[in-house]
J.: 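A single structure is presented below for examination.
Letters go in sequence order (proteins before strands), and every chain restarts at 1. Hydrogens, waters and symmetry mates play no part in the numbers below; they use all other heavy atoms, side chains included.
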There are 2 protein chains.
Amino acid sequence: MPRGPGVTREPLSRERVLRAAVALADTEGLDAVSMRRLADSLGVVPMALYKHVSDKDDLLDGMVAIVIGDIPVAGAGASRRWRAAVRETILGARTVVLAHPWARRAIETRTLRTPAVLGHMERLTQLFLGAGFSADLTHHVMHLLGNRIWGFSPELFNETPGKPEPVKRRTSGEPDPQDYPGIMLIAADARARRPDATGCDEDFEFDFALDVILDGIARLHRSKWDSTTRTVRD
Amino acid sequence: MPRGPGVTREPLSRERVLRAAVALADTEGLDAVSMRRLADSLGVVPMALYKHVSDKDDLLDGMVAIVIGDIPVAGAGASRRWRAAVRETILGARTVVLAHPWARRAIETRTLRTPAVLGHMERLTQLFLGAGFSADLTHHVMHLLGNRIWGFSPELFNETPGKPEPVKRRTSGEPDPQDYPGIMLIAADARARRPDATGCDEDFEFDFALDVILDGIARLHRSKWDSTTRTVRD
DNA sequence: TGACGTGGTGTACATCGTACGCCTACCGTC
DNA sequence: GACGGTAGGCGTACGATGTACACCACGTCA
């Protein structure tokens with residue numbers, strides 16, 4: 001589209017590029033975010049993007065940064081207990097990340113050295129340090145939380161809900177349910193508890209796991225755990 | 001390379017294809033596993049692979065299955081305590097998965113509906129059920145373990161060790177350490193404890209997290225936890 | 001006036017997954 | 001033996017992708 005004289009299109013910017021990428025991923029999925037389609041959506045030629053983004057990795061990092069930027073900073077009330085503040089921060093991250101279904105996969109594959117990512121980790125770290133956790137314990141506790149700081153636990157039995165399982169033909173053998181009585185048992189139990197639902201109750205699983213872990217953390221904190229002892233029991 | 005008359009090469013098979021793919025990933029990394037390069041490594045034309053593997057996804061699944069197949073089945077001594085058996089199984093998975101650096105990423109991106117994957121999950125499930133865990137608790141506990149059942153925790157601060165950080169030019173701003181005093185503090189603390197090491201002690205972090213989680217699980221089990229109460233405290 | 005930097009364009013290339021059709025070697029059956 | 005079927009490897013071809021490189025239009029400032 002040749003732009004006529006005087007018809008200046010508002011110029012690109014890193015911000016605009018990233019926002020467009022996020023929008024594209026939101027509506028068409030992460031795989032739809034190719035440099036060409038993104039450029040199309042901005043009415044621009046693919047190579048134009050490289051003036052604002054160093055490469056596709058950088059683009060992905062930027063998209064993740066935008067999402068993370070929406071995570072609310074936990075209420076700064078110094079009187080708050082660490083546990084409530086941590087819980088609130090993580091659940092805040094969860095609602096934001098869940099609002100962008102592609103974000104989970106994007107975060108999992110990033111190298112996580114960007115200011116936005118580090119900023120979120122820093123805030124969590126400070127919650128622990130501020131509550132009197134040793135640097136050592138804080139460190140291990142962050143690892144213990146792992147990706148849960150982003151508000152998601154690893155998928156496990158999950159299919160993406162609603163997708164009707166396109167029955168791909170695989171060369172390998174299909175699994176036979178009879179071979180997995182234990183899994184079938186717990187699946188049946190879960191169905192019995194939530195007859196209308198499909199798949200697992202991710203929200204409950206997340207809360208459950210988070211609480212178990214926070215309980216464990218609280219116990220370590222109370223017991224003045226120290227890594228030189230290299231044992232966890234309290 | 002035209003094969004002369006009578007010079008019959010040993011034929012391909014799904015097994016041979018998958019093993020070659022694993023070998024290729026082991027030596028050159030997961031990204032090197034393209035249909036073409038894999039075909040090359042087998043002295044065969046790319047499309048030949050599709051007679052043994054339905055598509056690349058299937059190939060990846062098969063590779064993961066091969067790795068998982070190496071996970072030792074925990075000693076069947078029925079007298080074993082569940083905790084020891086679970087721990088042994090998971091650590092067994094860990095050594096196997098760590099032997100193939102690409103496996104972590106491969107597992108994370110699979111949909112996990114293959115017999116090998118389900119088999120490992122079934123064995124773990126049985127350990128809990130066999131120890132008297134309710135189906136309900138077993139279910140949640142599997143979610144709680146998450147990817148840890150494969151022997152890895154999510155990376156967090158990690159760079160791949162040894163890689164000297166190629167200093168990629170990014171369009172975004174580089175993070176400034178001053179902005180992250182908490183992270184810097186725990187990093188300094190970790191360095192002080194292990195002056196020679198680079199990065200985190202993944203093995204320790206894994207053990208640490210696993211034990212906290214197993215402690216939590218044990219407590220729930222003892223307290224006859226039931227999801228209808230929807231609370232974790234004991 | 002002219003040099004220069006900023007930002008969008010156009011072309012080109014290597015690489016990827018894989019659809020489709022062919023050709024050959026082997027098999028069981030008559 | 002002749003013959004039809006099938007399994008397995010080959011060759012070609014297509015559309016997508018990320019991005020290197022050269023180019024050029026513009027505004028700014030000396």
J.: More 5' along DNA chain C: A:R36 or A:L49, using each one's nearest nucleotide?
T.: A:L49
J.: Measure the distance from OH on B:Y50 to C1' on D:dA13 and round it to the nearest whole Å.
T.: 14 Å
J.: In the structure I gave you, are the side-chain heavy atoms of B:M142 and B:T125 within less than 4.5 Å of one another anywhere?
T.: yes
J.: In whole Å, what is the span from the CG atom of A:D31 to the C1' atom of D:dA16?
T.: 13 Å
J.: Can a side chain N or O of B:H52 be found less than 4.0 Å away from OP1 or OP2 on D:dG9?
T.: yes
J.: Do A:H100 and A:D26 have side-chain atoms, one donor and one acceptor, less than 3.5 Å apart?
T.: yes
J.: Please state how far atom CG in B:D57 lies from atom P in C:dG17, giving the value in whole angstrom units.
T.: 11 Å
J.: Please give, in whole Å, the distance from D:dG8 P to B:R14 CZ?
T.: 13 Å
J.: Given atom CZ of A:R16 and atom P of C:dG7, what is their separation to the nearest angstrom?
T.: 13 Å
J.: Out of D:dG18, C:dT9, C:dT18, which has the shortest distance to the side chain of A:V45?
T.: C:dT9
J.: Are B:R94 and B:F206 in a cation-pi contact, defined as NZ or CZ under 6.0 Å from the six-membered ring centre and within 45° of the axis?
T.: yes
J.: I want to check something: taking the side chain as every heavy atom from C-beta on, are B:R113 and B:D61 in contact at a cut-off of under 4.5 Å?
T.: no
J.: For the side chain of A:A48, counting heavy atoms from C-beta on, which of C:dG8, C:dT18, D:dG9 is nearest?
T.: C:dG8
J.: C:dC16, OP1 or OP2 - any side-chain N/O from B:S34 closer than 4.0 Å?
T.: yes
J.: Kindly write out the residues that satisfy side chain to side chain donor-acceptor pair (under 3.5 Å) with B:D136, not counting sequence neighbours, or none if the list is empty.
T.: B:H140, B:S227
J.: By the ring-ring contact (aromatic ring centres under 6.0 Å, His included) test, which pairs, at least two apart or in different chains, include something from residues 23-45 of chain A?
T.: none
J.: Look for any protein N or O under 3.5 Å of an N or O in nucleotides 21-23 of chain D and output each such pair with its distance, or none.
T.:
none

J.: To the closest 0.5 Å, what do you measure between CE (B:M35) and NZ (B:K56)?
T.: 8.0 Å
J.: Whole Å only: how far is the CE atom of A:M35 from the C1' atom of D:dT17?
T.: 11 Å
J.: Could you state the atom-to-atom distance from CZ of A:R37 to C1' of D:dG18 in whole Å?
T.: 16 Å
J.: Could you tell me how far apart B:L30 (CG) and C:dG17 (P) are, to the nearest whole angstrom?
T.: 11 Å
J.: Taking the minimum atom-to-atom distance to the side chain of A:K56, which one of C:dT18, D:dG18, C:dG8 wins?
T.: D:dG18
